[in-house]
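Quick note on labels: first sequence line is chain A, next is B, and so on, each numbered from 1.
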Amino acid sequence: MQYMIRAALLLAALARCTRSQEPGQGSGATPAVIAIDGSSTVFPITEAVAEEFQKQHGARVTIGVSGSGGGFKKFCKAETAISDASRPIKASELALCKENHVDFIELPVAYDGIAVVVHRDAGWVDQMTVAELRRLWAPEAQGKIARWSQVRTGWPDKEIHLFGPGVDSGTYDYFTEAVVGREHSSRGDYTSSEDDNVLVQGIATDPLALGFFGFAYYVENKTRLKIVPIADGAPDSAAVTPTFQTVANGTYRPLSRPLFIYVSRKAADRTEVQQFVAFYLDAGRKLVKEVGYIPLPDRGYALVQHRFSRRVTGSLFGSGARVGVTIEELLAREQ
Amino acid sequence: MKPGPATLPRTGLIREWIIERALLGSGMIAVVTTVAIVVVLALETVAFFREVSLGQFLGDTQWTPLFADKHFGIWPLLGGTLLTSAIAIAVALPFGLLAAIYLSEFAAEGVRKALKPMLELLAGVPTIVYGYFAVVVVTPMLQRVIGGLAGFNALGPGIVMGVMIIPMISSLSEDALHAVPMSVKEGAHALGATRLATLLRVTIPSAFSGITASVVLAVSRAIGETMIVAIAAGQQPRFTLDPRVPIETMTAYIVQISMGDTPTGTLEYRTIFVVGSTLFLMTFAMNIISQRLARRFRKGTA
Amino acid sequence: MSSTPRRDSVRNRRLLERAFVALCLLAVLLPLGLLALLIGRVLVDAGGRLSWGFLTSYPSRRAAQAGILPGLVGSLYLTGLTATIALPLGVGAAVYLEEYGRRGRLAHLIEINIANLAGVPSIIYGLLGLELFVRTVGMERSLLAGACTMALLILPIVIMASREALRTVPDTLRESAFALGGSHWQVVRQVVLPLAFPGILTGSILAVSRAIGEAAPLIVVGALTYIAFLPRGINSPFTVLPIQIFNWVSRPQEAFMVNAAAGIVVLLLTLLLLNGLAIYLRNRMQKRRYW
């Protein structure tokens, strides 16, 4: 009986404590938590960086995979310190951040090519054009384009099983903008997941599958997947396979894009966050490569580091995904 | 314990009263929980239906609430759930029933005592383990037999779920069969029936409502199962009867959206509650039916 | 019985019956065989991955280095907290139903609710926990929110098991205690509960072992899948063993499947230990019965 009363009082006291916690900060002497969330594409880099970082420092890092959009929703409500994003921040997200007085520092960290992938044994697919991809993924295709033969005559008359990121994913936003021509606009009847691992798993085990996700996930699972070269439709350009080189020099069009982390201005004042970002931009370079993405050139990272140390807030991009931004352009904007 | 008069001093009476109320309070938590579940589900569901009409929800065969071309038909998710559950029952019913018959009618007492708890083990294995099994063993095995079977499909997880719910059918049916009075069975034997004939013509029909209660309960369990289908069935809401293609169940949808930790107050957030409400109503109805059937059975064999 | 039984038809019927019995036996053995296959496959897959290093490492992008420590500690921590909440409430409710309220209307209402709650899918509890504990009360995605959610989930089991245990105490003992002048609570606390204790303990352990294997409600409540540290308090983000396994199963690389299998072995061993403990304790304590 006494135990029950004591337990109840204890619980009540604890419950009252929970709300006065500021998110992302520890209580008193315990080391603080750096809360990160966002893009599944950027996740492998952040995960690698966090793992190495935590070996050397005492800080604690949590990483969620809610998608670039999901990550921004939390970031702009000051629930996370850093947001992973595979596309620049949108106008609506900028407004949300402003509403909640969240200033951010936008830091490009790597370069990526979105890989279009099919099952290893899908022999009929040699390459695809952007126009074909558009026919396949446009909103009008929902419920109508359901077979391979409808995408290109000569392809098998079998069901096509589509896999792709969900609506909260930056990859999704970027792909729809680049292929369909309008952001956030695609068919909805496919296997959608913010977790790219699910997509890899689905495509690797389904002979009739086609999907797209960040290049690193293809590199990681090369033996089980088949990459599709993409022809961007320009008069005399052949289909290009995404590789380190073609993404770095911009010939893999239009599906090459920069990857970002967004650090909140307030979090940037915390020592552990400063150390983490510094680590990201320094030791992170080789981790980017290890994971399968394309690091920026050294002077690029120098400029980004400078950006962070000067706490330059605001986005380089006005708003929304910008198709076809090359590394040179990125750095030019920096100057 | 000190012996004393039955009447306590006033403080003692108050103490007794407080203790009783506290214990009652603990019990009322159950009632409060039910109320809370209903309120939570209802609030968000009502908010959902302010934006989407019931006609859309019940009439559309596409579920794309988050995409450009929005559809809010529950049928793809409902169909996915029902398809996997149907496959599960198709596996569990024959095995469960035959197992129950063996344990109740043909097994020696020692054998029964040994085998029954072993079957119960099937229900005690965490569902994540079954999910692993579905992805690593069952689906690849099926893929060798059925060409064109996708990695994510309804068949693999359906079969695994079926194995998982066998004990529900076998245990409860066995109880039902066992409860049929010996006098009835002996009467049948006296009339010249073989054991098999007695079983099929007398025992099973007598235990019928008990057996049906167990099956309904098992279906309810299959409908509410999450991890196995989340891992192995896929995340593509589509309204189909084909067990070889990726689908999505109601439970897997809730998990998918929750992993993104959607903010309160958005349409996305509300969709998981409206799907949850549908799930809750279905399992609740089945549980009530099962209880009624079980009660009817008990009355019948009294 | 027909006056001239033909030997053939009798023999046929006997054969049919024997075939039927064989079929039924097969129906029992086949699922058990499948279970053995499952366990065997998990053990084989886990193979050499199980080591002290695996138990004490953090998750990593490199499968060979990934370990299960946060999941294991999180599960233990969460289970302890869940038990702290659920057991007093559950036993208290059982005591009320068995000792105080027996035929009251409130008791009947509580009983109906318990029966229904036992059949509610676990993910619904997750939705409840998300809306009520995480959002409304404001616990955020913490151990406390997870524990409260799981406590509600296992409460019906604790209540039902405790009631069974309380029922094993014969009424004669209660009546003699009352005759000696004890108050209601004195009788319950000093006579009934100590005698029902073994059953209550066993039931509680079983209820708690159910909680260990659950993943779905915790995913909804927000247990994270990438956590490379141990929880430092009940407000801490956390992860549990089943969710870590789920994360690994979702990764396509073979090596992570091995990790998942190893994680499953750890989970099953934990369950085995708990259930074994429950059975052992029950047997030990039952020897001290005097009636």
Select one option (side chain, backbone, both, neither) describing which atoms of B:E268 are under 4.5 Å from chain A's heavy atoms.
side chain
Check this for me: does any side-chain nitrogen of one of A:R87 and A:E183 sit under 4.0 Å from a carboxylate oxygen of the other?
no
Residue among A:E140, A:Q142, A:H119, A:E194 with most heavy-atom pairs under 4.5 Å to chain B
A:Q142
Salt bridge present between B:R244 and A:E159 (N-O < 4.0 angstrom)
no
Chain B: which of A:H161, A:K73, A:H184 shares the most heavy-atom pairs with it under 4.5 Å?
A:H161
Below 6.0 angstrom between ring centroids: does that apply to B:F273 and B:F48?
no
Exam field: side chain A:R60 to backbone A:V33, donor-acceptor pair closer than 3.5 Å:
no
Using non-hydrogen atoms and a limit below 4.5 Å, what part of residues 205-214 of chain A faces chain B?
A:T205, A:D206, A:P207
Is a side-chain donor or acceptor of A:S186 paired with a backbone partner of A:T176 at a separation under 3.5 angstrom?
no
Taken in chain and number order and not counting sequence neighbours, the residues that satisfy salt bridge (charged side-chain N to carboxylate O under 4.0 Å, His left out) with A:R187 are A:D189
Atom group of B:L149 that falls short of 4.5 Å from chain A, counting heavy atoms:
backbone
Residue, of B:Q235, B:Q256, B:H71, that accumulates the most heavy atom pairs under 4.5 Å with chain A
B:Q235
Taking side-chain hydrogen bond (donor to acceptor under 3.5 Å, both in side chains) as the definition, give me every residue that meets it alongside B:T226, ordered by chain and number, with sequence neighbours left out.
none
Which of the residues A:S192, A:G69, A:A204, A:G202 is involved in the greatest number of heavy-atom pairs with chain B at under 4.5 angstrom?
A:S192
Qualifying residues under ring pair (Phe, Tyr, Trp, His ring centres under 6.0 Å), relative to A:F104, sequence neighbours excluded:
A:Y262
So B:F152 and A:F163, would you call those rings parallel, tilted or perpendicular, with 30° and 60° as cut-offs?
tilted
Relative to chain A, which of B:P65, B:G234, B:A68, B:P140 shows the most heavy atom pairs under 4.5 Å?
B:A68
